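Proteins get letters first, then strands, A, B, ... in listed order; numbering begins at 1 in each. The structure displayed is predicted, hence computed values, not measured ones. Excluded from the calculations below are hydrogen atoms, water molecules and symmetry mates; all remaining heavy atoms, backbone and side chain alike, are included.
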Protein chains: 2
Amino acid sequence: MRFDRELLKGTTETFILATVAEMPCHGYQLVKQLKLKSEGIFQLGEGTLYPILYKLEAKGWIAGKWDGGTGQRRRRVYRITPLGRRQLAARSEQWSELVRGMALLLGASTNE
Amino acid sequence: MRFDRELLKGTTETFILATVAEMPCHGYQLVKQLKLKSEGIFQLGEGTLYPILYKLEAKGWIAGKWDGGTGQRRRRVYRITPLGRRQLAARSEQWSELVRGMALLLGASTNE
DNA sequence: GCGGTATACTTTGTTATACGAGGTATACGC
DNA sequence: GCGTATACCTCGTATAACAAAGTATACCGC
């Protein structure tokens, strides 16, 4: 789906964190994983994803490690850290609250 | 609740539109209405709300009318327009998709 | 050994948005 | 006349998602 540009803001870090938490991933793989798992709802470009990964790593929420076996394209595999896991929990909670708030406000008008 | 700054982006127009749709409102009243109806989840400041109202009006999604009876503080009452109603429907649909996408991605990791 | 395609990572510039902080002005109770 | 609640307005800041463009390696058919 094509979202209004601003609607995704603040959610991307969370669902990226969640996806990495489930399975260690490198960037390029993550682009496809996100699209697949979300049934096509989220389709981040590489220009969006990579900078986010760098930032998450800088914050210590994920840890990247170069993984270049011989005869293989070198790639950076990320896995979630304990700190990242705590952040994910906090973010998920915030997300639930946002959803609840929206349900309270949208409920009435959309069911008219 | 205190949200990460960016999380609300893109959602505010939608829930403001929804609230105005339910009942014509002026700005100051809307600040309280939003807080009340969302059970304290959304607490927009006036510095956030007013500029959004101007923008929604400029786009023709809401229509404002000065309402200053004698012996009363003048105030601008907004009501939703037919165009605004269509926009609200579209935004609500986007919101549902976002929620669905997040559920797909967060589901696995948060239930671990 | 040559060309095309998929993989994999990187950087830059643009646009817009929520928010805090500050400001103005009127009604009303006491 | 004084404080408080009401009501509106404006500016500056931070930052986030994205498109677009670029680099470079592996693999496959021929």
Practice problem: Test side-chain contact (heavy atoms from CB on, under 4.5 Å) on B:K37 and A:L104 and set out the steps. | Solution: CA-CA 7 Å; B:K37 287 239 166 189; A:L104 287 169; 6.0 Å; no

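- Although no hydrogens or angles enter the test, the distance criterion places no donor-acceptor pair under 3.5 Å between the side chain of A:T11 and the main chain of A:L7.
- Looking at B:E39, its side chain never comes within 3.5 Å of a backbone N or O of B:L36 through a donor-acceptor pair.
- Rounded to whole angstrom, the span from the CG atom of A:D67 across to the C1' atom of D:dT25 amounts to 15 Å.
- Comparing D:dA17, D:dT6, C:dT7 by their closest approach to the side chain of A:K32 singles out C:dT7.
- Residue B:R73 places none of its side-chain N or O atoms closer than 4.0 Å to OP1 or OP2 of C:dA27.
- Ion pairing between a basic and an acidic side chain is recognised when a charged N comes within 4.0 Å of a carboxylate O; A:E22 and A:R79 show no such pairing.
- Taking atom CG of B:L49 as the reference point, atom P of D:dT6 lies 15 Å away to the nearest angstrom.
- Between A:K55 and D:dA16, a side-chain N or O to OP1/OP2 separation shorter than 4.0 Å is present.
- Comparing atom distances between the A:Y28 side chain and each of C:dT17, C:dC9, D:dC8 picks out C:dC9 as nearest.
- Nucleotide D:dA19 holds its P atom 10 Å from the CD atom of A:Q43, rounded to whole Å.
- Atom CZ of A:F42 is separated from atom P of D:dC18 by 10 Å (rounded to the nearest Å).
- Look at A:E57 and A:R76 and you find a salt bridge, because one of the NZ, NE, NH1 or NH2 atoms lies within 4.0 Å of a carboxylate O, short of that distance.
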List, with names and distances, any nitrogen or oxygen atoms from the protein found under 3.5 Å away from nitrogen or oxygen atoms belonging to nucleotides 10-14 of chain C.
unit_1: C:dT10; atom_1: OP2; unit_2: A:Y54; atom_2: OH; d: 2.5
unit_1: C:dT10; atom_1: O5'; unit_2: A:Y54; atom_2: OH; d: 3.1

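- Rounded to whole Å, atom C1' of D:dA16 lies 12 Å from atom CG of B:L7.
- One can place NZ of A:K65 at 15 Å from P of C:dC9, the figure rounded to the nearest angstrom.
- Residue pairs meeting the ring pair (Phe, Tyr, Trp, His ring centres under 6.0 Å) criterion with at least one partner in residues 47-68 of chain A, sequence neighbours excluded, do not occur; the list is empty.
- The distance between atom CD1 of A:I52 and atom P of D:dA19, rounded to the nearest whole Å, is 12 Å.
- In this structure, the NE2 atom of A:H26 is 16 Å from the P atom of C:dA6, given to the nearest Å.
- Taking the six-membered ring where tryptophan is involved, the planes of B:F42 and B:F15 are essentially parallel, since the angle between them stays under 30° and well short of 60°.
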